[in-house]
Amino acid sequence: MNVVYFNAEKFYRLAYDYFNYENNLDLAEKCIRMALKADKNHSKSIILKGEILLAKNNTEKALRLFSKALKISPNNTFCLFMIAKAYSLNGQNGLALKTLEKVFNKNFDDNDLLSECYNLKTDIIAGAKKHKKVLRINF
């Protein structure tokens with residue numbers, strides 16, 4: 001492991017803890033900036049920066065970051081999930097479902113992530129059915 005990657009990973013882990021366990025977006029952002037300064041192509045840091053942006057309701061910029069991370073790490077199923085989640089939050093449910101299908105077509109052993117993917121798919125479909133029902137009632 002080279003020193004640059006080590007530094008990026010160290011700052012990423014700090015940012016991850018601040019974001020996921022302490023819900024401190026400011027400190028998480030500072031650490032992610034330092035991680036990406038050490039290695040601008042550290043895909044985990046790019047994805048976490050996208051997650052932080054999603055938490056701040058900046059879905060467009062988050063989508064750009066997730067796309068960049070996916071180019072660096074094309075088999076990253078978590079990144080695909082985050083893209084689907086961002087599409088869903090942006091009201092682009094068709095794209096979200098297509099992206100989730102890419103996740104389901106990959107072979108991976110992360111049952112927690114698979115469960116999150118199915119929950120997102122269920123929420124999208126349930127929301128679409130609910131809207132159809134409302135449209136039938138109103139017209």
Under 3.5 Å: donor-acceptor pair, side chain of Ser88, backbone of Ala84: no

Taking every non-hydrogen atom, the tightest pair across Ala28 and Tyr18: N-CB, 3.8 Å

Hydrophobic cluster identity match, Leu97 and Tyr87, side-chain contacts under 4.5 Å: yes

Between CG on residue Leu63 and OG on residue Ser67, distance to nearest 0.5 Å: 6.0 Å

Heavy-atom pair with the smallest gap, counting every atom of Phe81 and Cys117: CD1-SG, 3.6 Å

Co-membership, hydrophobic cluster, residues Tyr16 and Leu113, 4.5 Å side-chain: no

Over all atoms of both residues, closest heavy-atom pair of Phe11 and Met34: CE2-CE, 3.1 Å

Least distance between heavy atoms, Ala8 atom then Asp39 atom: CB-CB, 3.7 Å

From CG (Leu114) to NZ (Lys106), nearest 0.5 Å: 14.0 Å

Residue pair Thr59 / Gln92, side-chain heavy-atom distance below 4.5 Å: no

Glu116 vs Phe78 side-chain heavy atoms within contact, under 4.5 Å: no

With sequence neighbours excluded, residues passing side-chain contact (heavy atoms from CB on, under 4.5 Å) with Leu70: Cys79, Leu80, Ile83

Spacing of Asn41 atom CG and Lys71 atom NZ [to the nearest 0.5 Å]: 12.0 Å

Student check: side-chain heavy atoms of Leu54 and Phe66 closer than 4.5 Å: yes

Leu36 with Leu14, same ILVMFWY side-chain cluster at under 4.5 Å: no

Shared hydrophobic cluster for Ile46 and Met82 (ILVMFWY, side-chain gaps under 4.5 Å): no

Aromatic plane relationship, Phe104 with Tyr118 - under 30° parallel, 30 to 60° tilted, over 60° perpendicular: parallel

Sub-4.5 Å side-chain heavy-atom contact between Lys61 and Lys56: no

Audit row: Thr77, Asp110, side-chain contact (heavy atoms from CB on, under 4.5 Å) steps and yes/no: CA-CA 9 Å; Thr77 51; Asp110 188 342; 5.9 Å; no

Inter-residue atom distance Ser45.OG - Arg13.CZ, 0.5 Å rounding: 11.0 Å

Single-linkage hydrophobic cluster Tyr21~Phe19, side-chain heavy atoms < 4.5 angstrom: yes

For the student: nearest non-hydrogen atoms of Ser43 and Ala69, plus distance: O-CB, 4.1 Å

4.5 Å side-chain heavy-atom contact, Ile47 and Leu65: no

Any Asn90 side-chain heavy atom under 4.5 Å of Glu60 side chain: yes

Sequence neighbours excluded, every pair satisfying salt bridge (charged side-chain N to carboxylate O under 4.0 Å, His left out) that has a member inside residues 81-104: Glu101-Lys121

Closest contact, heavy atoms only, Ala96 versus Ile124: CB-CD1, 3.7 Å

